[in-house]
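Heads up, the thing below is written out as structure tokens.
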Amino acid sequence: MAATAPTAPPLTWSRRHLTGIEPLSAEEARLLLAKARGYHEVSTRRAVPLCKDLHGKVVVNLFYEDSTRTRASFRLAASRLSADVLDMSASGSSVSKGETLIDTARNIEAMGVDTIVCRHSQSGAAQQLAEHVACAVVNAGDGQHEHPTQALLDAFTIAQRLDRLDTFDLTGLRVAIVGDIAHSRVARSNLHLLTKLGAGVVLVGPPTLVPGALARLPGVDVTVAHDLDAVLPEVDVINMLRVQFERIAGPAFPSQREYTALYGLTARRMQRARPGLVVMHPGPMNRGLEIESAVADGPNAVILQQVANGLAIRMAALALVTQP
Amino acid sequence: MAATAPTAPPLTWSRRHLTGIEPLSAEEARLLLAKARGYHEVSTRRAVPLCKDLHGKVVVNLFYEDSTRTRASFRLAASRLSADVLDMSASGSSVSKGETLIDTARNIEAMGVDTIVCRHSQSGAAQQLAEHVACAVVNAGDGQHEHPTQALLDAFTIAQRLDRLDTFDLTGLRVAIVGDIAHSRVARSNLHLLTKLGAGVVLVGPPTLVPGALARLPGVDVTVAHDLDAVLPEVDVINMLRVQFERIAGPAFPSQREYTALYGLTARRMQRARPGLVVMHPGPMNRGLEIESAVADGPNAVILQQVANGLAIRMAALALVTQP
Amino acid sequence: MAATAPTAPPLTWSRRHLTGIEPLSAEEARLLLAKARGYHEVSTRRAVPLCKDLHGKVVVNLFYEDSTRTRASFRLAASRLSADVLDMSASGSSVSKGETLIDTARNIEAMGVDTIVCRHSQSGAAQQLAEHVACAVVNAGDGQHEHPTQALLDAFTIAQRLDRLDTFDLTGLRVAIVGDIAHSRVARSNLHLLTKLGAGVVLVGPPTLVPGALARLPGVDVTVAHDLDAVLPEVDVINMLRVQFERIAGPAFPSQREYTALYGLTARRMQRARPGLVVMHPGPMNRGLEIESAVADGPNAVILQQVANGLAIRMAALALVTQP
């Protein structure tokens with residue numbers, strides 16, 4: 001670490017919830033990332049004795065949408081902190097009996113649960129929960145709104161790869177986010193976090209899928225582009241969003257082949273990129289569609305590091321919001 | 001606590017199973033409630049170090065019906081006692097391969113499991129299990145028969161609200177249970193437990209859903225009524241059963257609106273009640289059908305306390321039946 | 001144990017994976033069985049303090065096919081070793097999003113998982129995983145290929161019943177495996193393990209379901225028969241495979257009644273057997289189809305002991321492959 005950190009983190013984290021990146025100050029985001037840096041060794045070395053920071057605490061994974069990696073990552077993060085974790089999913093729950101989200105959450109809270117990790121198809125679900133329960137809430141993805149821990153692990157991975165783990169200051173970096181920006185909570189959270197940390201962002205995709213309004217957000221260094229080949233030589237990092245198969249059939253996506261031709265990250269296209277380009281993907285990948293296997297498995301890709309860092313990020317988020 | 005408890009609990013609990021309230025003596029029921037009182041602090045304070053009463057024991061949640069709260073409550077209760085808990089459900093199990101309930105349970109037992117918590121759509125399933133396995137069995141709801149831990153947490157909550165936690169003696173209290181009594185295991189278990197503890201019970205609902213035969217049970221203070229407005233001023237506690245949507249279409253339920261008009265607990269109807277009326281609901285609630293939100297969230301409701309007390313009750317049940 | 005063991009086990013176990021019985025040497029199989037013998041007491045006594053051999057390790061149950069007992073057995077085995085266990089199933093996973101098995105496994109590995117227990121409908125899936133991840137892989141059944149821990153627990157149970165736990169040398173024993181041999185991974189793994197341990201095997205079933213080619217495997221004492229009544233007096237052990245209902249309708253199975261008449265293990269047929277015949281079944285049983293209840297619950301059956309021994313076998317497999 002630098003002898004004098006350029007930004008002194010606040011002494012204490014005072015937020016009860018992590019519902020999104022947008023409400024965080026840059027300092028709060030850096031505090032979260034620094035906390036994850038501290039857990040990074042714990043999460044990968046898994047030394048005995050285990051970390052006991054949430055010993056005796058109870059975390060519930062309340063998932064209304066399917067997810068392998070996010071659910072597993074939160075579960076392992078909570079376990080690594082010695083918390084007790086309980087998985088709840090929409091199938092096999094009161095949801096099918098017509099109970100409201102708020103009633104379900106209040107019931108979970110009444111069982112002595114400390115923290116609810118919530119994934120929901122409705123934008124704003126996490127915030128709504130946070131307003132109605134006294135326990136902590138962490139947003140694990142809500143509709144097309146935000147997915148804050150994904151953005152945090154992405155930023156952590158960029159900082160790790162480009163040697164900026166000491167300050168998490170991403171000033172001077174240019175990051176392309178490519179794909180269906182309009183419907184992506186990952187894109188939204190990344191946009192907020194990367195600009196808070198000083199990076200510039202360029203959103204790339206077909207005009208139908210990249211709302212121009214995003215480029216007119218006040219006080220934010222963001223531009224919109226539709227030609228990936230023109231953008232590629234200019235950026236330090238590229239984040240390839242997953243193509244949602246269920247949306248391909250619509251007018252926005254004429255065909256898979258055309259999408260790949262225009263916006264797929266192929267080995268051939270990589271020749272236009274800077275040598276050290278950092279290639280990211282939030283997973284699960286559609287190999288051969290938005291990314292070619294040679295790129296996904298190549299030296300520029302940090303896709304598995306993203307997954308690994310997700311554990312440290314989620315440990316940090318859970319530890320900070322769960323009150324002692 | 002009183003200087004001299006009116007009923008001395010038996011020194012030891014000798015039952016291997018908790019299949020229902022009906023087979024319990026009043027003393028056994030009080031012992032269970034007193035054990036829960038002891039766990040109440042553990043379940044809510046969650047002090048470190050954790051309670052180790054079932055350390056090294058294995059509890060299996062064998063659920064053949066969906067349930068959020070009961071399954072989660074048993075799971076958290078077992079974890080709070082430091083037991084290892086394993087969830088098994090009908091989907092993803094040998095059940096779909098045609099294995100009998102008894103064979104499934106014997107196999108679970110052979111894996112070194114100490115206690116099976118069973119929910120099943122068939123009345124008598126828990127008792128059948130108890131007769132065929134050597135490990136302990138706790139009934140988490142069997143068909144239209146019993147749901148003993150629900151009745152115990154209801155009684156605990158009444159005693160807590162009305163300051164009778166020292167003896168769990170409910171003598172002099174009058175409790176209304178409202179709704180589809182005929183098909184409700186919650187109603188049956190409550191009827192048995194409340195009368196064992198000294199309370200009088202009035203069963204309220206449409207004639208098609210409240211069998212008059214229940215009012216002729218020998219030695220039990222129970223009456224049947226069909227006019228909620230007439231009953232309301234006379235009772236200290238009201239337990240609003242959940243309307244089962246799947247039964248609404250039948251001849252017993254002409255319409256939701258009519259049900260609410262006759263048997264829904266509305267704010268307007270609450271004006272007829274005693275000021276301190278204790279309002280209960282086993283959940284999940286159909287807001288606006290059997291209970292109005294103003295009542296469910298009002299000062300008389302103890303619905304979330306029921307959920308919270310469920311943890312202590314299930315800790316007590318698991319601790320008592322699981323042999324050391 | 002004998003004063004001098006006939007076969008000295010190798011000092012260390014060097015395999016990173018357990019993908020099948022076929023690749024194991026007889027010595028390796030005996031080492032695994034001996035390790036299980038050591039855990040047997042731990043798995044059944046469950047003394048406090050618990051065994052900490054995998055404390056801090058993470059095991060993932062990656063199941064692409066339904067299974068009650070195998071999943072539960074692995075889970076309990078991992079817990080008994082103090083590992084952290086995470087269940088993942090095909091429903092609710094990235095699988096439905098089109099991700100490849102290898103990508104899913106690499107992601108799981110990136111989360112710091114030490115060992116993946118995999119069940120998959122495709123033969124060779126476990127081996128494929130083992131070639132692409134650095135963490136350990138245990139095959140919990142892959143298509144019609146192998147189910148190594150089932151064969152190991154079967155051999156352990158035979159050795160236990162016939163007093164050969166000291167060496168696991170099954171020389172001189174004759175074991176019949178009865179049923180749909182052609183499609184059974186249990187039969188394949190048993191065939192390999194039993195012959196490695198010195199036993200002779202006879203495969204019994206309708207000609208359509210018992211490939212004659214198996215009887216011509218080089219260096220292996222295996223024969224094929226179609227008349228169970230003729231085989232029964234000659235064998236020490238009989239392993240009744242489960243009839244797969246989904247295959248009954250085909251030309252191989254004219255009817256359930258005919259199957260039972262020819263290949264069901266009935267009380268009447270048992271009169272032809274040696275008095276001490278060891279009766280096995282991998283479960284779940286179709287009572288009245290491949291085995292009659294009087295036999296399944298009779299003194300010759302070791303079916304529940306198989307289940308109980310499965311815990312020790314899976315503890316041994318997990319402990320040996322998971323690196324310290």
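The two residues A/A72 and C/M111 come nearest to each other via the heavy atoms CB-SD, 4.0 Å. Pairing each heavy atom of A/L304 with each of C/A110, the nearest pair is O-CB, 3.6 Å.
Here the CD1-CZ distance, from C/I102 to A/R287, works out to 9.5 Å after rounding to the nearest 0.5 Å. Atom-to-atom distance recorded for C/L86:CG and A/R75:CZ is 5.5 Å, nearest 0.5 angstrom.
Only the side chain of A/L76 comes within contact range of chain C, with at least one heavy atom under 4.5 Å from a heavy atom of that chain.
With contacts defined as side-chain heavy-atom distances shorter than 4.5 Å, the pair C/I108/A/R69 does not qualify. Counting heavy atoms from C-beta on, the side chains of C/R106 and A/D297 come closer than 4.5 Å.
Under the rule for a salt bridge (Lys or Arg N to Asp or Glu O under 4.0 Å), the partners of C/R185 that lie at least two apart in sequence or sit in another chain are C/E65.
Between A/R80 and C/D84 no salt bridge is recorded (no basic side-chain N to carboxylate O distance below 4.0 Å).
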